[in-house]
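Just below is one structure, and these are the notes that go with it.
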Amino acid sequence: EKVLYVPAGLTGPGDITGKFKFTLAPVGNTPMPAANVITSGASGATVSFGSITYTTPGDYSYKITESGIVSGVTNDAAAASGKTVTIHVTDNGEGKLVATINGDSADDDATVFTNTYGITTPATATIPVEKSLTVPAGLTGPASVAGKFTFTLTAATEGAPMPATGGDVVTNPDADGGTASFGAIEFTAPGTYVYTVTETGSADGVTNDTTAAKDVTVTVTDNGDGTLTASSTSTADDPLTFTNTYGITTPATATIPVE
């Protein structure tokens with residue numbers, strides 16, 4: 001029997017029918033079926049080797065090994081070394097031989113190989129944030145706001161992974177704002193992860209975005225082959241944006257003399 005264990009929260013590889021082979025080998029001088037290699041069924045399905053004919057009472061042992069590769073799946077610990085199954089053949093005293101199977105499970109005659117699906121390649125995501133400075137027509141605006149504004153990334157979802165130390169704080173790089181990215185975030189499990197980006201900082205004549213804190217969502221999915229894919233609502237083509245506006249806060253006065 002082939003059992004595929006997929007931990008909660010993971011998608012797994014789907015149908016594994018025919019992906020694994022079981023080989024029956026004799027231990028000593030034991031009779032064999034016509035074919036000693038069979039392929040697996042779906043997870044939890046039991047397949048059988050061909051019939052074996054016994055003409056003499058006794059114990060007959062065999063080794064069953066498993067082979068096959070599916071991305072993201074770790075084979076049973078005994079797949080290569082094999083598991084032993086013993087056929088006990090007895091004379092019932094009525095001219096008939098009776099065969100019973102002693103598999104690796106006391107509750108089931110089937111020899112069970114349990115393979116486990118897991119994530120072997122995590123996903124990474126980088127969250128960009130853009131500073132946009134609006135200067136109305138006719139106004140000059142500040143010469144440069146580079147480095148004037150700081151963006152801080154925090155996890156809104158409990159337990160959400162974070163960038164490496166220092167990667168959770170960035171400043172705007174350009175004179176007119178610009179785009180900066182937080183450090184890469186590594187994800188090892190599927191799920192939906194929400195982060196909050198907060199803006200601080202000031203520049204003369206500049207009014208900050210009316211929303212100082214904005215959320216970004218990263219969705220991580222299991223590809224079914226041991227890898228994950230992460231997609232963010234803030235991308236290089238469409239980054240999370242804070243729009244600040246330049247304006248006149250102190251009007252000028254003039255006195256016109258007449259002589």
Side-chain angles (χ1 to χ4, degrees), residues 7-12 72 118-250:
L10 299 183
T11 303
I119 300 302
T120 56
T121 304
T124 58
T126 301
I127 298 174
V129 58
E130 180 183 8
K131 161 57 60 189
S132 176
L133 178 64
T134 298
V135 179
L139 299 182
T140 304
S144 175
V145 295
K148 297 286 189 180
F149 297 93
T150 298
F151 301 100
T152 303
L153 183 75
T154 57
T157 299
E158 184 178 358
M162 291 289 291
T165 301
D168 58 342
V169 177
V170 295
T171 58
N172 66 292
D174 300 332
D176 60 350
T179 301
S181 294
F182 296 104
I185 305 172
E186 183 176 273
F187 298 89
T188 58
T192 300
Y193 303 89
V194 179
Y195 297 86
T196 300
V197 179
T198 304
E199 177 194 32
T200 57
S202 63
D204 291 340
V206 175
T207 300
N208 288 6
D209 193 299
T210 55
T211 304
K214 301 184 179 185
D215 287 344
V216 174
T217 300
V218 178
T219 302
V220 181
T221 56
D222 177 5
N223 297 320
D225 60 359
T227 66
L228 297 174
T229 296
S231 60
S232 172
T233 56
S234 178
T235 66
D237 293 331
D238 186 20
L240 180 71
T241 302
F242 288 81
T243 301
N244 293 9
T245 305
Y246 176 78
I248 300 302
T249 58
T250 305

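Owing to the predicted nature of the structure, the values given are computational and were not obtained by experimental measurement. Side chains included, hydrogens not; waters and symmetry mates left out as well; all remaining heavy atoms used.
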Original post:
Heavy atoms, side chains only, cut-off 4.5 Å: are I185 and I127 in contact?
Top reply: yes

Subject >> Evaluation steps, side-chain contact (heavy atoms from CB on, under 4.5 Å), between M162 and Y195 >> reply: CA-CA 9 Å; M162 291 289 291; Y195 297 86; 3.8 Å; yes

Original post:
Is there a side-chain contact between P163 and L153, using heavy atoms and a 4.5 Å cut-off?
Top reply: yes

Subject >> N244 side, atom CG; L133 side, atom CG - distance, nearest 0.5 Å >> reply: 7.0 Å

What pairs of donor and acceptor atoms, side-chain ones from residues 209-221 against any protein atom, are under 3.5 angstrom apart with sequence neighbours left out?
{"residue": "D209", "atom": "OD1", "partner": "T211", "partner atom": "N", "Å": "2.8"}
{"residue": "D209", "atom": "OD2", "partner": "K214", "partner atom": "NZ", "Å": "3.1"}
{"residue": "D209", "atom": "OD2", "partner": "T243", "partner atom": "N", "Å": "2.8"}
{"residue": "K214", "atom": "NZ", "partner": "T241", "partner atom": "O", "Å": "2.6"}
{"residue": "D215", "atom": "OD1", "partner": "T196", "partner atom": "OG1", "Å": "2.8"}

Original post:
Can you name the closest pair of heavy atoms from A175 and A143 and give their distance?
Top reply: CB-O, 4.0 Å

Original post:
In terms of the angle between their ring planes, are F242 and F151 parallel, tilted or perpendicular, with boundaries placed at 30° and 60°?
Top reply: tilted

Original post:
Passes side-chain contact (heavy atoms from CB on, under 4.5 Å), Y246 versus V145? Steps please.
Top reply: CA-CA 11 Å; Y246 176 78; V145 295; over 6 Å; no

**OP:** Determine the minimum heavy-atom distance between F187 and A125, stating which atoms define it.
**Re:** CE1-CB, 3.7 Å

Original post:
Between N172 and K148, is any side-chain donor less than 3.5 angstrom from a side-chain acceptor?
Top reply: no

**OP:** Looking only at non-hydrogen atoms, find the nearest pair between I119 and D222 and report the distance.
**Re:** CD1-OD1, 3.9 Å

Original post:
Any idea which heavy atoms bring A180 and T171 closest together, and the distance?
Top reply: CB-O, 3.6 Å

Subject >> Distance (rounded to the nearest 0.5 Å) between S144 OG and D174 CG >> reply: 8.5 Å

Subject >> Side-chain donor-acceptor contact under 3.5 Å, D225 with T227 >> reply: yes

Subject >> Contact check, side chains of P122 and E186, non-hydrogen atoms, under 4.5 Å >> reply: yes

Subject >> Whether D168 side chain and T154 backbone form a donor-acceptor pair below 3.5 Å >> reply: no

Subject >> Nearest-0.5 Å distance that lies between atom OG1 in T188 and atom CG in L228 >> reply: 7.5 Å

Original post:
Would you say T235's side chain and D238's backbone share a donor-acceptor pair under 3.5 angstrom?
Top reply: yes

Subject >> 4.5 Å side-chain heavy-atom contact, P190 and L10 >> reply: yes

Original post:
What is the minimum heavy-atom distance between A155 and A160, and which atoms define it?
Top reply: CB-CB, 3.9 Å

**OP:** Could you tell me whether a side-chain N or O of T249 sits under 3.5 Å from a main-chain N or O of G205, the two making a donor and an acceptor?
**Re:** no

Original post:
Do S234 and V197 come close enough that some side-chain heavy atom pair is under 4.5 Å?
Top reply: no

